Amino acid sequence: MNIDTLATPAASTSDATVHAARFTIGDITVVRLVPTKLLHVTETVLETVGLTLATTRQVGRTAATQPMGFIDWVAIHRPEDLPVALPYLGELSRAQDAVTSKPGRVKSQMKPVIAKLEEEAPHCVPAFITELARHFVMAGRTGYLTHYLIRVLEVISEYDLPIGSPEYQELLFEFVSWQAMTPRVLQDAVDIVEWSLEPQAAFDYAYKLIVAQAKAGGILDKAAVIILRRLGRPLELRPADVIDRLLADIIYSKGFTTAYPEFFTRVEPSLRRIVRADRGRQDHLLAVRPNNMSLDIYHEALVDTEAWRELTSDNRAFAQWLYLRVITPGGLSARPWLIAAIYQLKDELAGMVIPNETHKYFPINSPDLINVFVDVGMTWENPDELWWCWEDWYKNHYTDLSAAAADPCLRAKAVSRLWVSDIVSNIHLFLTNEPARKLAAEVLNQQSKKHAMPSWVPSWIPSRVQRGEGHWGIIIRNIIKDIEKRFG
């Protein structure tokens, strides 16, 4: 199979001849431009309101740019069901009038309508539901769309409708364009496809769905990767080739930018390959970091590329890029390369202000990063909005926190987030780090004025303290004695 030939199907874009149709009712004349294949259904529908077809004349050709309506769909794909379908136009009209103000009521009222049509003409139900869903879209009630997509898939599955045929594909892909397909619903659709189609056709269909999902800005998670790898197995497709091609097709899409973290974890090797192979992708990734892509995956995809070398050789451009990474979604984690870069750019970063907005969704809470930022002269618009995550420092402790400890506001923030139990659990870090030890001593001094020694005291504390002698002041004195003993 050649994966490069895959493409997302467009909705109803084939050329069609167009007629000018003249209808009359008494002294009134109405002229409509109608695709030739819809002349009959247009005549039938207008007859219901008293209009009679007088003349028709071919006037040209056009390409359809709008999705096909319910009655048009029935007229073309299920003409024998047209008499059954026509009365349902009134139901759609009533739904359209009410959906803006009463979407829940419309959903309840349309449930038996859909069930009745399912009994009479199940092949037409997906088109009817899609037309109904369009009214919800136009009214801005998009929260109902996934429900209707699930309903379409249920009907397709129950009546074994040809999901691979263009007329049903277009309906499903329209839901995809509305971002109605969740990962769970994607799996349901693929299950039907896998059961209904030959392996090659099933793979192609699933691939197109996932690419369309990404380009529409829909959710991408690990399910997309799992599906393609599974469906590619009977075709003996190399998983790496499949994922390489997928990423090449979606890297510029909104869905890639908002994909879930587990998606990037699954595609990391492929991401490195396709980015390093193409300068345009390098430039794009430098400019737009996906919101949920970890800093490690992001850096590994870019480091050693031509674009990265150019960026890091220009301190001014590098500083601007780094500042944008600080203030835009994605979050930053303390890493040796990042800390080294910040110090490399200290002259360019000095005086830059980190705005409040930065803390809303992806807060900078690493004590190491906060320490480095203040050390090179960066400030915060509102330091009170800062988070301070000691757990990150316990894990990494890349810096001694001296710059943060010297800043009164940051010192208070650090002390307010430090617990006695954490000091005891990580005592070796505090004993070997003077600025951090002073922060811990400040916390213990505060606690000694409020609490007696609890029953859980680590075994390294002198036995006289373990027996319950004294209070936290004794612990503080013994910590100081231990420091003097170990470090002179």
Side-chain angles (χ1 to χ4, degrees), residues 1-4 6-8 146 176 179-194 199-200 202-278 280-282 284-305 308 325 329-333 335 337 361-362:
M1 189 205 82
N2 183 1
I3 303 176
D4 295 328
L6 296 176
T8 303
T146 298
V176 171
Q179 301 181 24
M181 185 167 284
T182 65
R184 177 64 261 176
V185 179
L186 172 65
Q187 183 61 68
D188 292 342
V190 170
D191 287 344
I192 298 171
V193 167
E194 191 173 10
Q200 181 68 72
F203 177 89
D204 292 351
Y205 198 117
Y207 187 93
K208 293 171 187 175
L209 271 179
I210 292 167
V211 171
Q213 175 90 333
K215 291 183 176 180
I219 298 171
L220 284 178
D221 72 351
K222 63 182 180 180
V225 181
I226 295 171
I227 286 168
L228 291 181
R229 286 175 174 168
R230 186 183 80 243
L231 296 183
R233 201 171 297 129
L235 304 173
E236 299 184 352
L237 297 176
R238 291 181 63 243
D241 292 341
V242 172
I243 304 306
D244 285 5
R245 184 59 194 172
L246 173 67
L247 293 183
D249 282 342
I250 69 171
I251 191 169
Y252 298 104
S253 70
K254 183 180 177 182
F256 180 81
T257 304
T258 58
Y260 284 3
E262 57 265 28
F263 174 82
F264 294 113
T265 302
R266 298 264 179 168
V267 303
E268 181 181 4
S270 287
L271 181 65
R272 287 199 302 268
R273 281 192 296 272
I274 68 122
V275 169
R276 294 181 182 186
D278 184 89
R281 295 170 192 152
Q282 296 168 24
H284 176 73
L285 203 59
L286 278 173
V288 183
R289 176 188 171 187
N291 298 345
N292 298 310
M293 182 184 287
S294 74
L295 185 65
D296 292 332
I297 293 177
Y298 185 60
H299 179 248
E300 281 300 311
L302 288 168
V303 71
D304 295 331
T305 63
W308 181 260
R325 299 288 77 72
L332 291 178
S333 308
R335 295 293 183 266
W337 72 266
Y361 305 108
F362 299 91

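Just so you know, these numbers come straight off a predicted model, no measurement behind them.
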Can you name the residues that form a side-chain contact (heavy atoms from CB on, under 4.5 Å) with T265, not counting sequence neighbours?
-> I297
Identify whether the distance between the nearest side-chain nitrogen and carboxylate oxygen of D241 and R245 falls below 4.0 Å.
-> no
Under 4.5 Å between any side-chain heavy atoms of M293 and F263, yes or no?
-> no
Show the atom names and distances, to 0.1 Å, of all donor-acceptor pairs under 3.5 Å that link a side chain in residues 180-189 to residues at least two apart or in another chain.
unit_1: T182; atom_1: OG1; unit_2: V185; atom_2: N; d: 3.2
unit_1: R184; atom_1: NE; unit_2: D188; atom_2: OD1; d: 3.4
unit_1: R184; atom_1: NH2; unit_2: D188; atom_2: OD1; d: 3.0
unit_1: Q187; atom_1: NE2; unit_2: D191; atom_2: OD1; d: 2.8

For L237 and F203, which heavy atoms make the closest approach, and how far apart are they?
-> CD1-CZ, 3.7 Å
Could you list all the ring-ring contact (aromatic ring centres under 6.0 Å, His included) pairs where at least one residue sits in residues 211-238, not counting sequence neighbours?
-> none
What pairs with R233 under side-chain contact (heavy atoms from CB on, under 4.5 Å), at least two apart in sequence or on another chain?
-> R230
What distance do F264 atom CZ and N291 atom CG have between them, rounded to the nearest 0.5 Å?
-> 8.5 Å
Do you know the tightest heavy-atom contact between A206 and V190?
-> CB-CG2, 4.1 Å
Quick one: does Q213's side chain have a donor or acceptor within less than 3.5 Å of a partner on V176's backbone?
-> no
Work out which heavy atom in V242 is nearest to a heavy atom in Y207; give both atom names and the distance.
-> O-CE1, 4.4 Å
Within the distance-only criterion (no hydrogens, no angle test), does the side chain of Y298 pair as donor or acceptor with the backbone N or O of P290 below 3.5 angstrom?
-> no
Do L220 and I210 pass the side chain to side chain contact (heavy atoms under 4.5 Å, CB included) test, and can you show the C-alpha distance, the side-chain angles, and the key distance before you say yes or no?
-> CA-CA 8 Å; L220 284 178; I210 292 167; 4.0 Å; yes
R266 with E262: basic N within carboxylate O range, under 4.0 Å = no
Can you name the side-chain contact (heavy atoms from CB on, under 4.5 Å) partners of P199, sequence neighbours left out?
-> P234, L235
Who pairs with Q282 by side chain to side chain donor-acceptor pair (under 3.5 Å), at least two apart in sequence or on another chain?
-> none
With rounding to the nearest 0.5 Å, note down the distance linking CD in Q200 to CG in L231.
-> 10.5 Å
Salt bridge D304-R276, side-chain N to carboxylate O under 4.0 Å | no
In Å and rounded to the nearest 0.5 Å, what is the NE2 to CG distance from H284 to D278?
-> 11.0 Å
Rounded to the nearest 0.5 Å, what's the gap from CZ on R238 to CZ on R229? Could you check?
-> 11.5 Å
So do the side chains of V275 and L271 get within less than 4.5 Å of each other, counting heavy atoms only?
-> yes
Please state whether the rings of H299 and W337 are parallel, tilted or perpendicular, taking 30° and 60° as the class boundaries.
-> parallel
Say whether, by atom type as modelled, one donor and one acceptor occur between the side chain of R281 and the main chain of I274 under 3.5 angstrom.
-> yes
OG1/T146 to CD/Q179 distance, rounded to the nearest 0.5 angstrom?
-> 10.0 Å
Can you tell me how far CG of L209 sits from CD1 of I227, rounded to the nearest 0.5 angstrom?
-> 9.0 Å
Between L247 and F256, is a side chain to side chain contact (heavy atoms under 4.5 Å, CB included) present by the stated rule, with each step listed?
-> CA-CA 8 Å; L247 293 183; F256 180 81; 4.0 Å; yes
May I ask you to test the I250-V211 pair for a side-chain heavy-atom distance under 4.5 Å?
-> yes
